[in-house]
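For reference, the structure discussed in these notes is given below.
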Amino acid sequence: MELLKLKPCLKILSILLGILSCAVISQATGLSSAHHIQIELVPGESKLIGQNDITVKTNRTEVLEFRLTERAVRIEVRVNKTPRNFRFENGRLRLTLEPHERSGELQVTIHYAAKFDGPVPMTLVNMDNPGFGVTATISEKGSFLLAGAGWYPELVDSPASYRVTVTAPSGLIAVTAGKSLGHRIINGKTVSDWEVKYPVEGLSLSVARYVVEEKSAGDVTVATYLLPHNRHLAAAYLAATAEYLSLYSDLFGPYPFQKFAVVENFFPTGYGFPSYTLLGGRVLQLPFIVGTSLGHEIAHCWWGNGVYVDFSQGNWSEGLTTYVADYRFKEMDSPEAARDHRRQWLRNYSTLVAPQNDFALDRFQSRYDPVTRTIGYDKGAMVFHMIRQTLGEEAFWGALRDIYRNRLFRRTSWSDLQHAFETRGKRSLQDFFDQWVYRRGAPRFSLDEVRAESIDSTWKVEGQIIQRWPYFSFPLTLALKTRNQTVTQQIVVSGRATSFELNSDHRPHQLTADPDDDIFRRLTPSEIPPAVNALKSSPSVMTVLSAGLDPDLKKVAEILALSLGLKHNEFVSESELDRQMLAENDILVIGLPRRTDLLQKMPARVTIRSDSFSLNEKVYAEPFDTFFGVFEHPGTANRIAALFMPLSPQYADVVARKITHYGKYSYLAFQSGKNLDKGIWPLETSPLVVEWNQGK
Ligand SMILES: [Zn+2]
């Protein structure tokens, strides 16, 4: 299963605040403030009672403006202990200062109460919206108060430091950013104290019956806040967290916070906050989270939650975090794993992003569907890969260290990154950023007119790279394979046609352009093996119920269509499917059809019979076995056919819900609902490969 589908770090907090703050930035007046937020939770009534003592350096400000939830009631404001009038509308509390208050320090105290009783979904419904739109809820089960939800009065456009004291019924422990000052029992209630000394752009708060485990990793405290049934996971998370902190401290510079905590949420979410991550309990139990998503969230403490994103120029932090975490872990495995990962980015882009819904990387704010995910995360990561290829190891990692050192807790834009890379690389990257960051699209190119010629005892290979409009300019590696060796040469491609010439002492066998998939490009259909993603993004599907299908499987077919998110889908029986319907649609066949023509493009490594199937030379013949495969359409080029073939209704519904998580795969085999085999069909042809027959 792919992790990021379950656990995309939405970073709603930065987005909300980024956008809101941009609107008021012209009023920036050098305000600064220190807050002591004191919250008493009444979970039985979904209520909090709050008091915020704020010390403000006013610096000639006339009006203090606070964000506070519209749900706030019983608001009282005091300035230097004297009650004051204020205006409160649309979630903004405005306080006009007297002339003598406009310089120096003021003590502002705000009392309020608020009810947050929205329902929370307890199961994963839509993977592209992992927060479910819930921003604040207080309940007996737990409380979740997102930054930006206005659960405390937040002074607009003021970098602030915080002390947070949360009083709750006994056993309910609160977690937020910063450093824990401990949890105490006072008068039968649990009091949690936190201190945040760095300037944060808003605080989130989680409260539940946590079991807390801590250990030291150098100067940093690593901690887990898990619900009792998951406490056994603590050791693995603590150990992995300490390793990631050391990995990234070495790579970028010292970790910016005093702690990192893995915090369990009582409903399924995936968030990365400054100094902690908040994950649903079921996600935490998945064995691969420790090796993937945890590292991604910790890397965000440097990129996004450490160096802030200037959202007015787009969000670069997901691409960079994906590159230095998810991708880098593959690279640490092997060069092949890294190459496969890059190839998968290209496949995602080529299948999930159509030219008409493509957009430039600097327009990316946050992910909410496959298109935004592919551009913000996959293309973003690939752009960092190309910068690294262009500048080399030392300049690339050196520039990231520079950015981290110079811009920690400052809003940072693509142009700030460009500047840092240019300084280290000692060259202009304007053309690079113009075409990869500020312009949408990707190059489409192929080898053309490739000839090999023997001259005396050597060989000359000539040819062209032909681009389709719009043209890009990029370095390209050509690899010429002979019997004994591989000769590589780098050329610069630009415009419609770029000629090249390679020389070899031996007879050429194969010429490959971009053999390692180092260039972001749109693949041609012949390079994209049919896969589940192609079905998910299909513009029109006919779901064909095969003749003699078990009636229980008709229901399962509906579940499958729903979980794949098929937008234009029609159910037809095998006998209703006519020639035109077949020609004009992608097809999804449920059960073994009588018509053999529907599956004629199924690759040879699969054999299907009515009561068994074989895949990769393994035979599956139990009633709880299921095959799913996507292959070429029997009659129409660039369309696909898929087969969902449970040997009985047993476990078929379980599998039907799972298939959508295997987007990049062409074929899947399940036993009792568990995946046993998965893979991608090997490629047939590529426009970037030319092969010579031995005799030629
Ligand atoms: Zn992320």
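As the structure is a computational prediction, the values presented were derived from the model and not from experiment. One-based numbering along the sequence shown. Whatever order the structure lists ligands and atoms in, that order sets their numbers, starting from 1.
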Angular separation of His296 NE2 and His300 NE2 about the Zn ion (ligand 1), given to 10°:
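Nearest ten degrees: 100°.
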If only atom types and distance count, is the side chain of Ser317 paired as donor or acceptor with the main-chain N or O of Asn315 below 3.5 Å?
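Not confirmed, Ser317 side chain does not pair with Asn315 backbone.
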Among the N, O or S atoms of Glu318, which one sits nearest to the Zn ion (ligand 1)?
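Of all N, O or S atoms in Glu318, the Zn ion (ligand 1) lies closest to OE1.
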Has Glu297 got an N/O/S atom less than 2.8 Å from the Zn ion (ligand 1)?
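No, Glu297 does not qualify, because none of its backbone or side-chain N, O or S atoms lies under 2.8 Å.
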Atom pairs and distances, donor-acceptor, side-chain atoms in residues 218-232, under 3.5 Å, two or more places apart:
| unit_1 | atom_1 | unit_2 | atom_2 | d |
| --- | --- | --- | --- | --- |
| Asn230 | OD1 | Gln285 | NE2 | 2.9 |
| Asn230 | ND2 | Glu264 | OE1 | 3.3 |
| Asn230 | ND2 | Glu264 | OE2 | 3.2 |
| His232 | ND1 | His229 | O | 3.4 |

Among pairs that include at least one residue of residues 239-254, which meet side-chain hydrogen bond (donor to acceptor under 3.5 Å, both in side chains), considering only residues two or more places apart or in two chains?
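Residue pairs passing side-chain hydrogen bond (donor to acceptor under 3.5 Å, both in side chains), neighbours aside: none found.
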Proximity of Tyr377 and Trp345 rings by center, below 6.0 Å:
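No - the distance between ring centres of Tyr377 and Trp345 does not fall below the 6.0 Å cut-off.
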